[in-house]
Amino acid sequence: MNTLVYIDNFKGEALPASWEAVGVGKTLGEVTGLIFGSGLEALAKTAFEYGVDEILLADDVSLADYRAEVYATTLKQVCADQGCDVLLFPSTSRGRELAAMAAIDLNTGVLVDAVALEANGDKLTVTRPIYSGKVLEKVTCSLKPQIITLRGRAFPKPAPQPGKTGPVKKVAAGSGALTTVDGYTTSEGGVSLTDANIIVSGGRGMAENPTLQPPADLDAKQAEIWRAQQGFAMLKEMADVLGGAVGASRAAVDAGYVPYAMQVGQTGKLVSPNVYIACGISGAIQHLAGMRSSKMIVAINKDAEAPIFKLARYGVVGDLHQIIPALTVAFKKGLGK
Amino acid sequence: MKLVACVKTTPDTTAAVKVENGKATWGDAPLVINPWDEYAVEAALKLKEANGGNVTVISVGGEEARIALKHALAMGADDAVLISDPALVGVDPQAVAHILTAAIQKLGGVDVAFFGRQAIDDDSGTTPAQAARLLGWPALTLVSVIKVDGRSLRVERAIEEGRQIVTAKLPAVVSLVKDSGEPRYPSFMGIRKASKAEIPTWSLSQIGIPVPAAVIEHVTLINAPVREVVCELITGGNPQEIAEHLAEKILGEKQL
Ligand SMILES: Cc1cc2nc3c(=O)[nH]c(=O)nc-3n(C[C@H](O)[C@H](O)[C@H](O)COP(=O)(O)OP(=O)(O)OC[C@H]3O[C@@H](n4cnc5c(N)ncnc54)[C@H](O)[C@@H]3O)c2cc1C
Ligand SMILES: Nc1ncnc2c1ncn2[C@@H]1O[C@H](COP(=O)(O)O)[C@@H](O)[C@H]1O
């Protein structure tokens, strides 16, 4: 089987789900990595270390910024020139979009968000969550190439083999741009939620700390936000100790405590860290939809009846504003920091 | 401006969906407009309010599709079209992309076609990009901020790294994420208007395309495995003692 894996990168930095996709590709045989962008020698080197056998590199200034149409056309040309039976993508925002377009360009279908893959001869069957994970479906596509996107953190990341290399073949950039990229505004920085191993999340309960005295010139709503922001600062401190990221419930986002980029759930980010610590989050079904595949869930909530405890491995019924600072200290001690 | 919003009817987010006799069921949980599509309708209405024009909402499906269309009409959309055909049983999202494309072309002169980020039943999130590709229009997906300047559109796209600022010429496909603006509630007048609205139905032959072949084969549906967790509550002592005990337990799982 001729397996191509798209390695999604932003300014030469691969998204970790790309390596997971390479790992899946390797279970099918040799893997050809596709790398599009500008100034990517270092990335090509890393790709070999993660197991890629050969690289098709479209390195061109016209590809410096991701633009769907130019990238899709490049991909179409590569598949036409190289032949392709299986085309794998990480389910990142770019990966999913390109996979969708490739299915149109190559007259085939696309199976998105695989969490498991079975190969039966040449035919791949994908398991994917639907209805926000309440149901799983198994699907195949009888047309070729078989295009599949793989959900992040659903497959193991291969261990890098330092020094491993291979052939790099240059391919031409496609044309057909329909957009211009004017720039970027970056998020607050730190660990990205979707890649995080550990997530500490806060909900409406973050504001409920009557012991904090907000500055006198704030009205009630501003005081609530101010309290919540002190609370989220506390979560950030704990996340930093653990090397994790901070998330939030929709209630916290809608109340203006934190930006939407931090929202976990059905209408926010889909995350599956090893450890998810939910603080002052009740565990509404739409929140669970975004984090139920976390390996271990820990809940801190003053309401013993909160539904979040049904999914939690460990729980504390109590005031998070007392528990969190103490927990941060305890983690520091336990981790020798 | 001629604006279109594509809307789908889905089970409510709180529906307990499960598999029975090989099919997904949700008991008597209500059907609603796909929550992401409310943002699409809202964005279309905002653009109309700023630049004039009209908003047509379209849906592909059976009778249930009227729920989403009526909700959009109640929010303030001007017209609705239902694309329904007996041949359309169990079509996949890719077929829907072909059908929506044909419908948008039949409407003619459309400046912006708005989509939701994804449908919360199939969770596919591919239709906007596929429709854009088929139309040959720029795909401005995952958009949180829109600005129109004459015939050009400047948007902010929510991506993993933050936001990408992109400019394109009209016509364009735009898919919306949540922080593009809270969808308005239908007004009382809007609900009255929607309940009386006659929604025209187009068949596939009326939009001039054959039944798109299904490209995805559904093998089986299974219930998501239930999580067998017993929550161990950490109790006893003051917050410091509880915290130390909890940290010890968490670190003991060797997941950090
Ligand atoms: C279409 C739709 C989509 C949605 N999408 C999402 C989504 O993507 N993500 C999401 O999160 N929600 C989503 N929601 C909203 C969801 O239904 C809930 O409203 C939301 O998750 C509640 O957030 P919360 O748990 O922070 O707030 P609440 O439900 O108000 O819970 C707050 C919790 O904090 C606890 N608490 C308060 N003070 C303290 C304290 N001092 N110490 C400890 N505990 C304390 C309380 O006991 C309570 O359990 C969606 C809803 C709809 C209708
Ligand atoms: N049957 C449908 N009728 C109208 N619009 C649809 C339909 N299915 C999907 N869409 C649109 O495409 C978006 C993405 O859907 P999906 O790719 O199925 O996740 C939705 O948010 C809708 O805007």
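Computed from a prediction, not measured in an experiment: that's the story for all the values here. First the proteins, then the strands, lettered A, B, ... as listed; each starts at 1.
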Considering residues, nucleotides and ligands other than [X], do more than 12 of their heavy atoms fall under 6.0 Å from its [atom1]?
{"X": "K46(B)", "atom1": "NZ", "answer": "yes"}
{"X": "K337(A)", "atom1": "NZ", "answer": "yes"}
{"X": "K123(A)", "atom1": "NZ", "answer": "yes"}
{"X": "E13(A)", "atom1": "CD", "answer": "no"}
{"X": "K144(A)", "atom1": "NZ", "answer": "yes"}

### Task
Ignoring hydrogens and angles, state whether a donor on the side chain of R157(B) or Q164(B) is under 3.5 Å from an acceptor on the partner side chain.
yes

### Query
Between S175(B) and T141(B), does any side-chain donor sit less than 3.5 Å from a side-chain acceptor?
no

## Note on the structure
Exactly one of T167(B), D111(B), L140(B) clears side chain to side chain contact (heavy atoms under 4.5 Å, CB included) with L153(B), and that residue is L140(B)

Of all of [options], which one pairs up most often with chain B through heavy atoms under 4.5 Å apart?
{"options": "E69(A), Q286(A), R67(A), K310(A)", "result": "E69(A)"}
{"options": "I300(A), T267(A), T108(A)", "result": "T267(A)"}
{"options": "S93(A), A326(A), A330(A)", "result": "S93(A)"}
{"options": "K333(A), R94(A), K11(A)", "result": "R94(A)"}
{"options": "T180(A), T179(A), L327(A)", "result": "T180(A)"}
{"options": "G183(A), G109(A), S142(A), S132(A)", "result": "G183(A)"}

Please give me the minimum heavy-atom distance between [X] and [Y], naming the atom from each residue.
{"X": "V200(A)", "Y": "C279(A)", "result": "CG1-SG, 4.1 Å"}
{"X": "K269(A)", "Y": "A261(A)", "result": "NZ-O, 2.7 Å"}
{"X": "V112(A)", "Y": "T149(A)", "result": "CA-OG1, 3.3 Å"}
{"X": "A131(B)", "Y": "T101(B)", "result": "CA-OG1, 3.6 Å"}
{"X": "A113(B)", "Y": "I104(B)", "result": "CB-CD1, 3.8 Å"}

Could you tell me which portion of [X] (side chain, backbone, both or neither) has an atom closer than 4.5 angstrom to a non-hydrogen atom of chain B?
{"X": "L143(A)", "answer": "side chain"}
{"X": "I285(A)", "answer": "side chain"}
{"X": "L15(A)", "answer": "side chain"}
{"X": "V110(A)", "answer": "both"}
{"X": "P129(A)", "answer": "backbone"}
{"X": "D182(A)", "answer": "both"}
{"X": "T328(A)", "answer": "neither"}
{"X": "L98(A)", "answer": "neither"}
{"X": "D319(A)", "answer": "neither"}
{"X": "V275(A)", "answer": "side chain"}
{"X": "I198(A)", "answer": "side chain"}
{"X": "I323(A)", "answer": "both"}
{"X": "A72(A)", "answer": "both"}
{"X": "R128(A)", "answer": "side chain"}

Measure [X] against the heavy atoms of chain A and call it side chain, backbone, both or neither at under 4.5 Å.
{"X": "E253(B)", "result": "side chain"}
{"X": "P93(B)", "result": "neither"}
{"X": "A24(B)", "result": "side chain"}
{"X": "E228(B)", "result": "neither"}
{"X": "I242(B)", "result": "side chain"}

Please identify, among [options], the residue contributing the most non-hydrogen atom pairs under 4.5 Å to chain A.
{"options": "T235(B), V166(B), T127(B)", "value": "V166(B)"}
{"options": "Q94(B), E248(B), R133(B), R117(B)", "value": "R133(B)"}
{"options": "V230(B), V177(B), L142(B)", "value": "V230(B)"}
{"options": "L246(B), T220(B), T126(B), V19(B)", "value": "T220(B)"}
{"options": "T10(B), N223(B), D122(B), N238(B)", "value": "D122(B)"}
{"options": "H98(B), K169(B), E241(B), K178(B)", "value": "K178(B)"}

### Message
Using a 3.5 Å distance criterion without hydrogens, assess whether the side chain of Q105(B) forms a donor-acceptor pair with backbone atoms of L135(B).
### Response
no

### Verdict with reasoning, K295(A) to Q255(B), per side-chain hydrogen bond (donor to acceptor under 3.5 Å, both in side chains)
CA-CA 8 Å; K295(A) 280 215 185 84; Q255(B) 297 283 0; 4.8 Å; no

### Task
Measure the acute angle between the ring planes of Y131(A) and W26(B), then classify it against the limits of 30° and 60° as parallel, tilted or perpendicular.
tilted

### Message
Within the 4.5 Å heavy-atom criterion, are Q118(B) and K8(B) side-chain neighbours or not?
### Response
no

## Note on the structure
Y71(A) meets the ring-ring contact (aromatic ring centres under 6.0 Å, His included) criterion, sequence neighbours left out, with F36(A), Y66(A)

